[in-house]
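Note that ligands are numbered from 1 as they come in the structure, with each ligand's atoms numbered from 1 the same way. Please read all numbers here as calculations on a predicted model, not as lab measurements.
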Amino acid sequence: IFFRDDDNPVDKLPGPPRKPWIGNAWELLQMPSDKLLDILVDYTNTYGDRYVFKVFSLRVLHISGPPDVETVLSHSKNIKKSAPYDFLKGWLGTGLLLSTGLHWHKRRKILTPTFHFNILKNFAHVIEEKTQDLVKMLKDKNGADVSLMPTISDFTLFTICETAMGTKLDDDKTSATVDYKNAILNIGMQMLARITRSWLHNDFIFNNSSRGKEFTKTLEVARAFADNVIMDRKAQRIQNKGEDISIADASDGIGTKKRLAMLDLLLEAEEKGEIDMDGIRDEVNTFMFEGHDTTALALTFGLMLLADHEDVQERIYEECQTILGDSEHVTMSNLSDMKYLEAVIKEILRLYPSVPFIGREITEDFKLGDITVKKGTTVDVHIYELHRRADMFPEPEKFMPERFLGTEMKHPYAYVPFSAGPRNCIGQRFAMQEMKTTLSELVRHFKIVPKVKGARPRIMADLVLRPVDPIYVKFIPR
Ligand code: HEM
């Protein structure tokens with residue numbers, strides 16, 4: 001960080017004025033963590049598609065133009081995550097989100113079959129069952145205000161545990177569930193605090209600080225939760241010995257106990273010596289976090305938008321009536337026919353991308369237009385600003401699902417809520433399946449009404465895009 005390198009082409013790019021030697025370290029120090037998103041959006045508005053923020057000799061190149069996003073995300077070699085992701089190492093270890101190089105390739109290969117169509121088809125029953133529980137719980141509220149994020153994140157956590165992990169979270173684990181969700185929130189806050197306090201970037205200093213000690217305790221809670229999930233599934237596998245199924249047979253008609261989960265693939269890989277228990281724990285932590293928080297946020301912001309747009313709800317309702325009639329069950333083919341709902345979800349993720357920024361540490365020089373971006377530079381891809389570009393999405397602040405119906409995107413990388421290229425989201429088809437099932441069922445059963453029409457929460461970005469204030473809506477049975 002302290003190494004001087006005065007001849008770097010990216011220094012020609014605009015950005016907040018840099019002081020000699022320290023660059024923008026002083027600004028970084030003064031940034032309140034909960035305002036990071038607002039500040040970065042302001043910088044984009046001021047300095048444009050490409051700007052540089054420099055902390056001592058570390059250059060952070062921020063980009064939000066579609067051609068630049070394409071160059072970075074589609075690069076086959078520059079797949080290493082940037083330094084702030086390392087702050088999550090104690091939690092997610094060498095799991096798929098954080099790892100790089102050969103290790104990442106190997107894991108991605110083991111885990112890709114998890115999202116095979118037959119497996120997703122099998123998950124449909126679980127997702128539907130969980131959605132029906134949610135509908136019942138919301139009916140019992142009798143139209144009272146419901147705080148969305150806690151309600152929906154319970155639902156998505158139960159769903160990922162029962163699908164990917166094959167573990168049912170029953171009532172006696174309720175307090176562990178609450179502790180786990182609080183731990184995740186806490187981890188996000190600590191990570192943000194660390195990003196903006198450069199002296200805490202050093203592991204030794206951080207681990208010995210009061211923040212570091214609190215962080216370690218928080219990690220223990222998250223890890224213990226994941227360990228329980230692994231133990232549960234191991235015990236079930238011993239019980240079911242001899243009844244194992246392969247992905248190819250994992251189609252309809254298989255009971256919950258015999259359903260193949262992602263965790264089974266990992267446990268099978270362990271039996272073949274391809275992964276050890278620490279590796280399994282890292283992947284379970286990665287998938288439980290990525291697999292529930294991201295979808296919970298998308299559904300939360302989505303329900304907030306639907307509550308304000310009765311016309312959109314009605315159109316989803318009509319589409320569901322046409323496709324499903326009175327049927328209680330939703331099949332994969334029904335879901336793929338729901339084109340309007342798909343456009344609605346895309347528009348939700350345009351305005352509120354669950355992952356607002358992606359960071360890469362450049363390991364191989366590459367060209368961005370006529371500028372050479374050197375090895376060692378950090379590149380931050382701003383999905384949030386990319387999705388709100390007026391040249392790509394006219395009236396960008398407006399919620400208009402129709403923009404995703406029939407019209408071609410102006411640039412293939414103008415819209416990347418699941419990232420793109422080699423490190424794209426492995427769970428995107430699962431996420432779409434879960435979101436479509438949930439939103440279609442909720443709209444079929446309820447009229448969603450805002451507590452205060454047009455109210456928007458303040459938002460912030462830690463690992464994901466979060467509402468700072470609670471969002472309330474009413475679910476009025478149809
Ligand atoms: C609305 C829902 C979701 C959104 C918007 C989303 C978005 C993303 C994005 C933008 C990335 C790239 C992150 C980066 O490069 O730093 C990513 C990666 C990833 N996502 Fe998702 N995700 C969602 C749901 C899920 C689900 C349901 C799962 C698991 C079941 C999942 C698992 C992962 C994993 C493991 C990675 C790392 C992949 C790799 O690097 O090979 N995500 N996701």
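Classification of the Y51-Y47 ring pair by plane angle, with boundaries at 30° and 60°, yields tilted. The aromatic rings of Y180 and F225 lie parallel to each other, with less than 30° between the two planes, well short of the 60° mark.
Distance alone, capped at 3.5 Å, is enough to place a donor-acceptor pair between the Y85 side chain and the G359 backbone. Side chain of R389 to backbone of S64: a donor-acceptor contact under 3.5 angstrom is found.
At least one N or O atom of R423, backbone or side chain, sits closer than 3.5 Å to an N or O atom of ligand 1. Among the atoms of T286, none of the N or O lies under 3.5 angstrom from an N or O of ligand 1. Residue-to-ligand polar distances place K81 within reach of ligand 1: an N/O pair is separated by less than 3.5 Å. The N/O atoms of E290, backbone and side chain alike, include one that comes under 3.5 Å of an N/O atom in ligand 1. When only interatomic distances are considered, the shortest N/O to N/O separation between N424 and ligand 1 does not fall below 3.5 Å. Considering backbone and side-chain atoms together, R108 places an N or O closer than 3.5 Å to an N or O of ligand 1.
When non-hydrogen atoms are compared, ligand 1 lies under 4.0 Å from the backbone of L96 as well as from its side chain.
Note: Y43 and H62 fail the aromatic proximity criterion, with ring centroids not under 6.0 Å apart. Outside the 6.0 Å centre-distance limit, the rings of F215 and F87 are not counted as a close aromatic pair. In this structure, the ring of F206 has its center no less than 6.0 angstrom from the ring center of H201.
When only modelled atom types and interatomic distance are considered, K181 and S153 share a side-chain donor-acceptor pair under 3.5 Å.
Within ligand 1, counting atoms from 1 as listed, the ones closer than 4.0 Å to a heavy atom of F115 are 30 (C). Those atoms of ligand 1 with a heavy atom of F430 less than 4.0 angstrom away are 27 (C).
Contact analysis puts R360 in contact with ligand 1, with a non-hydrogen atom separation below 4.0 angstrom. Residue contact annotation: L297 has no non-hydrogen atom under 4.0 Å from ligand 1. Contact annotation: P417 has at least one heavy atom less than 4.0 Å from an atom of ligand 1.
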